[in-house]
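These numbers come from a predicted model, not from an experiment.
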Amino acid sequence: MPLTPRIAIVGAGPGGLVCARVLQRHGVPVTVFEREADPHSRPQGGTLDIHEETGQVALRAAGVFDAFLALSRADGQEWRLYDRRATLIRHDQAAEGDLSRPEIDRGQLRTLLLDSLAPGTVRWGHCVRAVTPLPHSGARLHHDDRTAEDFDLVIGADGAWSQVRPALSDAQPSYAGVTMVEAHFDDVDHRHPGIAHLVGPGTMLAKAGRRSLVLQRNSNGHVRAYAIFRAPQDWHAGLDLADTEAVRARLLAQYQGWHESLLDIVRDNEGGFVNRPMFVLPVPHTWQRVPGITLLGDAAHLMPPVGVGANLALLDGAELAQAVIDHPTIDEALDAYEGVMLPRALDNAKTAEQMLTTLLPDTDSDAAAFPDAIWPANALPDASPAHIS
């Protein structure tokens, strides 16, 4: 490995930022390229439960665990599970002092990680259009402005539609047969007490057959809502998604017969709706080694959003950085990293597929709404379909 390797990370999400932070803690310089113009150019999504065996391990390695705890919400671990009649089926609460998976807003976590980096680490407004391997070692980063830079290692942390992935794999995300339609509520305890009652301090899921409604409490009285259902990707054909009332009417028709308190989730939301079709990478997704290029997080293993994606991205980032630190060459570092990451991703992707099928079967039957095979009666859920970006 060069005495001072040139390392580029494409994407300033949690996984890429943790990777950069761990490298910098060990004196290894790194540059992060992010297509967004600045840290506040778009909303960062909902809340994340950070698991002690994955995401928390990464935050400890990054030296930001205590700061994370100060921002996180232990009571956000609570779960409420309903049927379509608004009957409470399960109510899971964490024991006092349980910090196994506290919640934190995705934007708060990103800001925490950004603030931990050396000034100038992230180059905002730099859109990468391609990565190509160099003849002997390393890789060339091609920017949208037709300039290029060479690095000893390029890490694709740029999510589902990664521009780095094509250097390693021909795989493209495909529609998973499930769509999520997002909405939101502000100042929920005062302005929407019915919604506040349903969600409590954490997450609620109401489910029947191929449809579910999810509420997810964020910080500062904000609640995100998701209508999640199996449907063709063009379920909205003939519908103007910018026409809030038309989308609302279509969703109310989808959930006809559900309890009125649950229908308020799509009837009383503030602002418009955001259509979020669910995409996944093939399982397994792997590649032949290309020297000087690798992937982490969704760029490597995009799977159904059942609560593990961000945690795996964080762990990927920390482990990749540690492999670079611990090994004398980039190739040896990638052998060590990918040798652990790819089998782990395969196991989690299979589990995520199974959970999605069980939670949203291709049937309208209400039977077996919450099997203990997914949520043991004496434990908090291991994952949730609400933790999405």
Has [X] got a side-chain atom pairing as donor or acceptor with [Y]'s backbone, closer than 3.5 angstrom?
X	Y	value
D158	Q163	yes
R224	G45	yes
K207	L359	yes
R289	L334	yes
D316	G297	yes
H184	E270	yes
H285	A300	yes
R267	E260	yes
Q77	A74	yes
R165	G156	no

Considering residues, nucleotides and ligands other than [X], do more than 12 of their heavy atoms fall under 6.0 Å from its [atom1]?
X	atom1	value
D38	CG	yes
Q256	CD	no
R146	CZ	no
H91	NE2	yes
D240	CG	yes
R110	CZ	yes

With no hydrogens and no angle check, just 3.5 Å: does a side-chain donor-acceptor pair link [X] and [Y]?
X	Y	answer
W287	E338	yes
D187	H192	no
E149	H143	yes
D331	T329	no
T47	Q216	no
H51	S100	no
D105	S219	yes

Distance-minimising heavy-atom pair for [X] and [Y]:
X	Y	result
L198	S261	CD1-O, 3.5 Å
R211	W258	O-CH2, 3.7 Å
A246	L239	CB-CD1, 3.5 Å
L281	A299	CD1-O, 3.8 Å
A310	L48	CB-CD2, 3.8 Å
A37	W124	O-CB, 3.1 Å

Checking V308, V306, T54 against N348 for side chain to side chain contact (heavy atoms under 4.5 Å, CB included), the one that qualifies is V308
Among L215, V199, T203, L88, the one residue meeting side chain to side chain contact (heavy atoms under 4.5 Å, CB included) with R80: L88
Could you check whether [X] pairs with [Y] (Lys NZ or Arg NE/NH1/NH2 to Asp/Glu carboxylate O, under 4.0 Å)?
X	Y	result
R230	D362	no
D75	R73	no
R248	D243	no
R191	D268	no
D347	R344	no

Starting from V274, walk the hydrophobic network (Ile, Leu, Val, Met, Phe, Trp, Tyr; side-chain heavy atoms closer than 4.5 Å) and list everyone else you reach, by chain and number. none
Residue pair R90, D83: steps toward the salt bridge (charged side-chain N to carboxylate O under 4.0 Å, His left out) verdict: CA-CA 10 Å; R90 292 276 300 277; D83 65 15; over 6 Å; no
side-chain hydrogen bond (donor to acceptor under 3.5 Å, both in side chains) against R129, all qualifying residues, sequence neighbours excluded: none
Return all side-chain donor-acceptor pairs below 3.5 angstrom for residues 24-34, not counting sequence neighbours, or 'none' if the list is empty.
from: Q24; atom 1: OE1; to: A118; atom 2: N; distance (Å): 3.0
from: Q24; atom 1: NE2; to: T121; atom 2: OG1; distance (Å): 2.7
from: R25; atom 1: NH1; to: A61; atom 2: O; distance (Å): 2.9
from: E34; atom 1: OE1; to: A12; atom 2: N; distance (Å): 2.7
from: E34; atom 1: OE2; to: E36; atom 2: N; distance (Å): 2.9

Cation-pi check, R60 to F65: give yes when NZ or CZ is under 6.0 Å from the six-membered ring centre and within 45° of the ring axis, no otherwise. yes
Determine, step by step, whether H236 and D234 satisfy the side chain to side chain donor-acceptor pair (under 3.5 Å) criterion, reporting the C-alpha distance in whole Å, the side-chain angles of both residues, the deciding distance to 0.1 Å, and the verdict. CA-CA 5 Å; H236 52 81; D234 64 350; over 6 Å; no
Residues Y337, D335; criterion side chain to side chain contact (heavy atoms under 4.5 Å, CB included); working and verdict: CA-CA 6 Å; Y337 163 67; D335 280 339; over 6 Å; no
I9 and L315: same hydrophobic cluster, using ILVMFWY side-chain contacts below 4.5 Å? no
